[in-house]
Amino acid sequence: MTTGRFITFEGIDGAGKTTHLEPLAGAIRARGAEVVVTREPGGTPLGERLRDLVLHEPMEGTTEALLMFAARREHLVRVIEPALARGAWVLSDRFSDATFAYQCGGRGLDRGVFRALASLVHPHRNPDATFLFDLEPGLALERQRAQSRDPDRFEREAAEFFRKVRDAYLERAREEPARVHVIDASGGLAEVRDRLVREFERTFP
Ligand code: Z5A
């Protein structure tokens, strides 16, 4: 626990990743490590302003990808790298896999453009581990409907969009099986938490 690690949580909207982030952070803190919990888009004052724009302002797909990466660069330089440099663990609710899934998978952004932007924005940094909360889009939608907030631009997308996003996430997991750990996010909260904890302990014994 003395060397910080960069861990990301991913999944389609409503898969449950945010619910499990703080409890895992608490478990790592209990082992004596400093933990920084953060999110994308966001994590910095500029990133949070960009978040507000991408979630609510209509825009073209490449513009959306560029703003995600702009927010990510600030996040990396101001939050993620300094925390890792002092030995903290960083738990981020989304990172570049989300751009691959939503902008390439969902919106059709060219994968070559994605790779070029990723190597410009974080050339020497990738998550040490990614926990991908995988859920059938219909179930994720039911969970989201139970929340009483106004849907954002992404949440208003059709089921077909989320099927493509999910497929792109699973493609990422097949490409990088040592890094991307797929967590079955169906079932009750305790069941999903147990799967996450088991996978975390297997990855970081
Ligand atoms: N986005 C993008 O397009 N490209 C990028 O590069 C990045 C992001 C970084 C905001 O992300 C949007 O940005 C996102 C993709 C896009 N799309 N949207 N919308 P976000 O992560 O901030 O927003 P989100 O995905 O909508 O997060 P979320 O709604 O918080 O979803 P979640 O984290 O997967 O779920 P949750 O909040 O933990 O749980 C949802 C509800 O289900 C909640 O009421 C829980 O109590 C409930 N829940 C959770 N687990 C269970 C179980 N097991 N059973 C029953 N109910 C459960």
Side-chain angles (χ1 to χ4, degrees), residues 8-25 37-44 47-76 79-80 91-109 111 113-115 117-118 121-122 127 130-159 161-162 164-166 168-169 172 182-197:
T8 57
F9 277 34
E10 299 280 359
I12 60 170
D13 315 45
K17 61 187 169 43
T18 310
T19 303
H20 295 284
L21 225 132
E22 261 309 331
L24 184 68
V37 174
T38 185
R39 69 172 180 180
E40 289 204 357
T44 65
E48 291 296 327
R49 290 172 72 181
L50 291 172
R51 178 188 177 89
D52 195 42
L53 282 175
V54 290
L55 292 192
H56 302 293
E57 194 71 29
M59 64 185 70
E60 187 266 341
T62 304
T63 311
E64 189 177 271
L66 290 169
L67 291 181
M68 295 295 180
F69 272 112
R72 183 160 302 134
R73 179 70 194 172
E74 282 296 296
H75 191 209
L76 182 82
V79 177
I80 298 171
L91 265 55
S92 184
D93 196 339
R94 301 192 187 281
F95 191 65
S96 276
D97 294 317
T99 314
F100 184 84
Y102 281 81
Q103 278 66 51
C104 295
R107 305 260 196 247
L109 179 77
R111 281 158 167 71
V113 172
F114 166 82
R115 279 193 293 274
L117 291 171
V121 167
H122 53 94
T130 295
F131 296 102
L132 168 58
F133 288 72
D134 180 53
L135 189 63
E136 201 276 307
L139 271 176
L141 189 64
E142 274 174 33
R143 286 184 188 173
Q144 267 188 316
R145 284 206 180 114
Q147 295 179 301
S148 58
R149 57 182 164 83
D150 285 342
D152 61 40
R153 231 162 44 79
F154 292 94
E155 290 164 344
R156 282 197 293 269
E157 288 288 346
F161 175 80
F162 291 105
K164 290 193 273 184
V165 173
R166 182 195 193 193
Y169 267 131
R172 206 80 172 134
V182 180
I183 306 291
D184 173 2
S186 65
L189 277 178
E191 224 176 312
V192 179
R193 185 197 55 225
D194 289 349
R195 289 182 197 129
L196 171 67
V197 169

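Every number for a ligand or one of its atoms is a count from 1 in the order of the listing. None of these values were measured; they are calculated from a predicted model.
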Pair R166 + E136, salt bridge at N-O below 4.0 Å: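 No, no charged N to carboxylate O under 4.0 Å.
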
Min heavy-atom dist R72 to ligand 1 below 4.0 Å: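 Contact present.
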
Polar contact flag, side-chain donor to acceptor under 3.5 angstrom, Y102-D97: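 Distance-only check fails for Y102 and D97.
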
Residue pair T130 / E10: nearest heavy atoms and the distance that separates them: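 That would be CG2-CG, 3.7 Å.
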
Nearest protein heavy atom with distance in Å, relative to atom 29 (O) of ligand 1: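 Here the closest protein heavy atom is R149 NH2, 3.0 Å.
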
Polar atom proximity, G16 to ligand 1 (N or O, under 3.5 Å):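 Yes, there is a polar N/O contact under 3.5 Å.
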
Numbering as shown, the atoms of ligand 1 that approach G188 to under 4.0 Å (heavy-atom distance):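 Those atoms are 53 (N).
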
Polar contact flag, side-chain donor to acceptor under 3.5 angstrom, S92-R39: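 No pair is found: no donor N or O on one side chain lies under 3.5 Å from an acceptor on the other.
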
Which residue and heavy atom of the protein sit nearest atom 30 (O) of ligand 1, plus the separation: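 Checked against all protein heavy atoms, atom 30 (O) of ligand 1 sits closest to T18 OG1, 3.2 Å.
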
Contact check, V54 vs ligand 1, heavy-atom distance below 4.0 Å: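 For ligand 1, residue contact (heavy atoms, under 4.0 Å) with V54 is absent.
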
Minimal non-hydrogen separation, A185 against A15, with atom names: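 Heavy-atom minimum between the residues: CB-O, 3.5 Å.
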
Contact with ligand 1 for L21, non-hydrogen, under 4.0 angstrom: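 L21 does not count as a contact of ligand 1 under the 4.0 Å cut-off.
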
T19: numbered ligand 1 atoms lying under 4.0 Å from its heavy atoms: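 Listed by number with element, the hits are 36 (P), 38 (O), 39 (O), 45 (C), 49 (C).
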
Residues, nucleotides or ligands: over 12 heavy atoms within 6.0 Å of R153 CZ: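 Yes, enclosed.
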
Geometric class of the F161/F154 ring pair [parallel <30°, tilted 30-60°, perpendicular >60°]: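 Correct class here is tilted.
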
Euclidean distance, L196 CG relative to L24 CG, rounded to 0.5 Å: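 That separation rounds to 5.5 Å.
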
Enumerated ligand 1 atoms positioned under 4.0 Å from heavy atoms of D152: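 Near D152, meaning under 4.0 Å from one of its heavy atoms, ligand 1 has 18 (N), 19 (N).
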
Numbering as shown, the atoms of ligand 1 that approach L55 to under 4.0 Å (heavy-atom distance):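 Those of ligand 1 that fall under 4.0 Å from L55 are 10 (C), 12 (C), 13 (O).
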
Numbering as shown, the atoms of ligand 1 that approach E155 to under 4.0 Å (heavy-atom distance):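 Answer, ordered by atom number: 19 (N), 26 (O).
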
Where ligand 1 meets I12 - atom numbers and elements under 4.0 angstrom, heavy-atom basis: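 Selected atoms, number and element: 34 (O).
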
Any G187 heavy atom less than 4.0 Å from ligand 1: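 The answer is yes, since G187 has a heavy atom less than 4.0 Å from ligand 1.
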
From R193, R94, H75 - option closest to atom 14 (C) of ligand 1 by heavy atom: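 Shortest heavy-atom distance from atom 14 (C) of ligand 1: R94.
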
Heavy-atom nearest option to atom 47 (C) of ligand 1, drawn from E142, H20, R143, E10: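 Nearest option to atom 47 (C) of ligand 1, by heavy atoms: R143.
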
Protein heavy-atom partner closest to atom 31 (O) of ligand 1 - residue, atom, separation in Å: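 So the nearest neighbour among protein heavy atoms is G14 N, 3.1 Å.
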
Atom 2 (C) of ligand 1 - nearest protein heavy atom and its distance: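 For this ligand atom, the closest protein heavy atom is M68 CE, 3.2 Å.
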
Nearest heavy atoms of H20 and G16, plus distance in Å: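 Closest pair (atom of H20, atom of G16, distance): CD2-O, 3.1 Å.
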
A15 heavy atom under 4.0 Å from ligand 1: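 Yes; A15 lies near enough to ligand 1 that a heavy-atom distance drops under 4.0 Å.
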
Residues R107 and E157 bridged, charged N to O under 4.0 Å: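 Judged by the 4.0 Å cut-off on N to carboxylate O distance, R107 and E157 do form a salt bridge.
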
Under 3.5 Å: N/O of D13 near N/O of ligand 1: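 Yes, D13 has an N/O under 3.5 Å of an N/O on ligand 1.
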
Salt-bridge criterion met for E40 and R72 (N-O under 4.0 Å):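 A salt bridge links E40 with R72.
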
Ligand 1 to K17 polar contact by distance, N or O atoms, under 3.5 Å: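 It does: an N or O of K17 is found under 3.5 Å from an N or O of ligand 1.
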
Heavy-atom pair with the smallest gap, counting every atom of V54 and P41: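 Reported closest heavy-atom pair: CG2-CG, 3.9 Å.
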
Closest protein heavy atom to atom 6 (O) of ligand 1, given as residue, atom name and distance to 0.1 Å: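 Going by distance alone, atom 6 (O) of ligand 1 is nearest to T99 OG1, 2.6 Å.
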
P41 heavy atom under 4.0 Å from ligand 1: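 Distance cut 4.0 Å: P41 passes for ligand 1.
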
Ring geometry between F100 and F114 (parallel below 30°, tilted from 30 to 60°, perpendicular above 60°):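 Perpendicular.
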
Close approach of R51 to ligand 1, heavy atoms, under 4.0 angstrom: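 Distance cut 4.0 Å: R51 passes for ligand 1.
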
Check: Q103 N/O within less than 3.5 Å of ligand 1 N/O: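 Yes; the residue has a nitrogen or oxygen that sits under 3.5 Å from a nitrogen or oxygen of the ligand.
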
Ligand-residue contact atoms, ligand 1 with E40, heavy atoms, under 4.0 Å: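 The atoms of ligand 1 under 4.0 Å from a heavy atom of E40 are 9 (C).
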
Any donor-acceptor pair under 3.5 Å from R94 side chain to G11 backbone: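 Looks like yes, one N/O pair under 3.5 Å.
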
NZ on K17 to CD1 on I12, rounded to 0.5 Å: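 It comes to 10.5 Å.
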
Minimum-distance protein heavy atom relative to atom 43 (C) of ligand 1: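 Nearest neighbour among protein heavy atoms for atom 43 (C) of ligand 1, to 0.1 Å: Q147 NE2, 3.6 Å.
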
Ring geometry between F95 and H122 (parallel below 30°, tilted from 30 to 60°, perpendicular above 60°):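 H122 and F95: tilted rings.
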
Sub-4.0 Å atoms of ligand 1 with respect to non-hydrogen atoms of L189: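 Heavy-atom distances to L189 below 4.0 Å select 49 (C), 50 (N), 51 (C), 52 (C), 53 (N).
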
